[in-house]
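What follows is a short report on a single structure.
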Amino acid sequence: MVQVYIVFFKIFVFLLLGFALNKSKVIGSTGERALSDILLKAVLPFMIINSSQHTYSTDAVNGMIACAAIAIGYYAVSLIALRLSLKKVNILEDEKRIMITCTVFANTGFVGFPLMEALYGSYGLLLAAVFNLCYNLFFYTYAVYLFSKKPRFALLDMFKSSVSVASIVAIVMFIIPWRMPGFISDTFKLIGDMTVPMSMMVMGSMLASVNIKKLLTDKKAYVVSALRLIVLPALVMGAVLLISNWVTIAPETKSVVVLMCALPCGSMNVIFAENYEVAPHFSARTVSLSMVFMLVTIMFWAWAVKAVF
């Protein structure tokens, strides 16, 4: 448990540094976009691919299969449940769509990857890559359908993402017996090690730009944040405990699955909301509020999975 607190102390320092750099005008919106692009298109793929060098074992493969099965079940059930539960709620249709996507689709890449790697090493990152592929499967089909307001499935778009491609490559490389020479793996690791500080600095800079007054007055954003950060991970934890009565799942796999469901709303929700003009301001407030609350809730869930699993 001490190791968990050490990890979060490091994350807090990086967040604080990003916050300070924004306030001192060193990083602005242009700098955030540039750093995000570097992170998602260059640094993060190296870290994901290097996770494939984890020692092969049947247990590890079974853990990946269990992670994929639980992730698919999570997305399918949560999307159906939210769609039905919001059907008769008296709010704007566009806001309903944002509530669904922001509640279900978390920041699995930008926050999830570095956090799982920091807490569980290369295998945790490999499991996160499997979970993220399931995210992409549902996001580029059903979520895009909600944003576009018409049946427009864009499944092939997931292969345009360097993170998705790197995830597929990592899974294939893990399954086959070949491993990279040490000097190549060390180089990939050196690049990938930039992921945690860079991602947390960008997040800290984003939080520094938030209008706190507007942020704290949106009741619907509070509802989404509560569902995203508390209710859904609690339900997933309960489901995992129930499944564990019939199927043996390693504690590490169960922990990663729950934590991947306890992340803040994904930034892709804001990007697509702006592109399709589906309540973009509401989407931005909701994502920002969940990021603020995540600083507290994710520490609770990191403790909870250690205690329960």
May I have the list of side-chain donor-acceptor pairs in residues 112-129 shorter than 3.5 Å, sequence neighbours left out?
| from | atom 1 | to | atom 2 | distance (Å) |
| --- | --- | --- | --- | --- |
| Ser122 | OG | His54 | ND1 | 3.2 |
| Tyr123 | OH | Ala60 | O | 2.8 |

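- Note on Met201: it does not cluster hydrophobically with Phe19, by side-chain heavy-atom contacts below 4.5 Å among ILVMFWY residues.
- Of the N and O atoms on the side chains of Thr101 and Asn269, at least one donor lies less than 3.5 Å from an acceptor on the other residue.
- Side-chain contact between Phe272 and Tyr140 is present, with heavy atoms from C-beta onward closer than 4.5 Å.
- When only modelled atom types and interatomic distance are considered, Ser185 and Gln53 share no side-chain donor-acceptor pair under 3.5 Å.
- Of the listed residues (Leu137, Asn136, Val169), just one forms a side chain to side chain contact (heavy atoms under 4.5 Å, CB included) with Ser164, and that residue is Asn136.
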Worksheet item: What's the verdict on side chain to side chain contact (heavy atoms under 4.5 Å, CB included) for Ile230 and Phe300, showing C-alpha distance, side-chain angles and the deciding distance?
Response: CA-CA 10 Å; Ile230 301 173; Phe300 165 77; over 6 Å; no
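- When every heavy atom of Phe131 is checked against every heavy atom of Val257, the shortest pair comes out as CE1-O, 4.2 Å.
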Practice prompt. Go through Lys96 and Leu146 one step at a time and tell me if the side chain to side chain contact (heavy atoms under 4.5 Å, CB included) criterion holds.
Written response: CA-CA 10 Å; Lys96 286 183 182 180; Leu146 287 178; over 6 Å; no
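- In this structure, Glu32 and Ser205 approach most closely via the heavy-atom pair OE2-OG, 2.6 Å.
- Residues Ala221 and Thr286 share a closest heavy-atom pair of CB-OG1, 3.8 Å.
- Side-chain atoms of Asn132 and Ser167 include no donor-acceptor pair closer than 3.5 Å.
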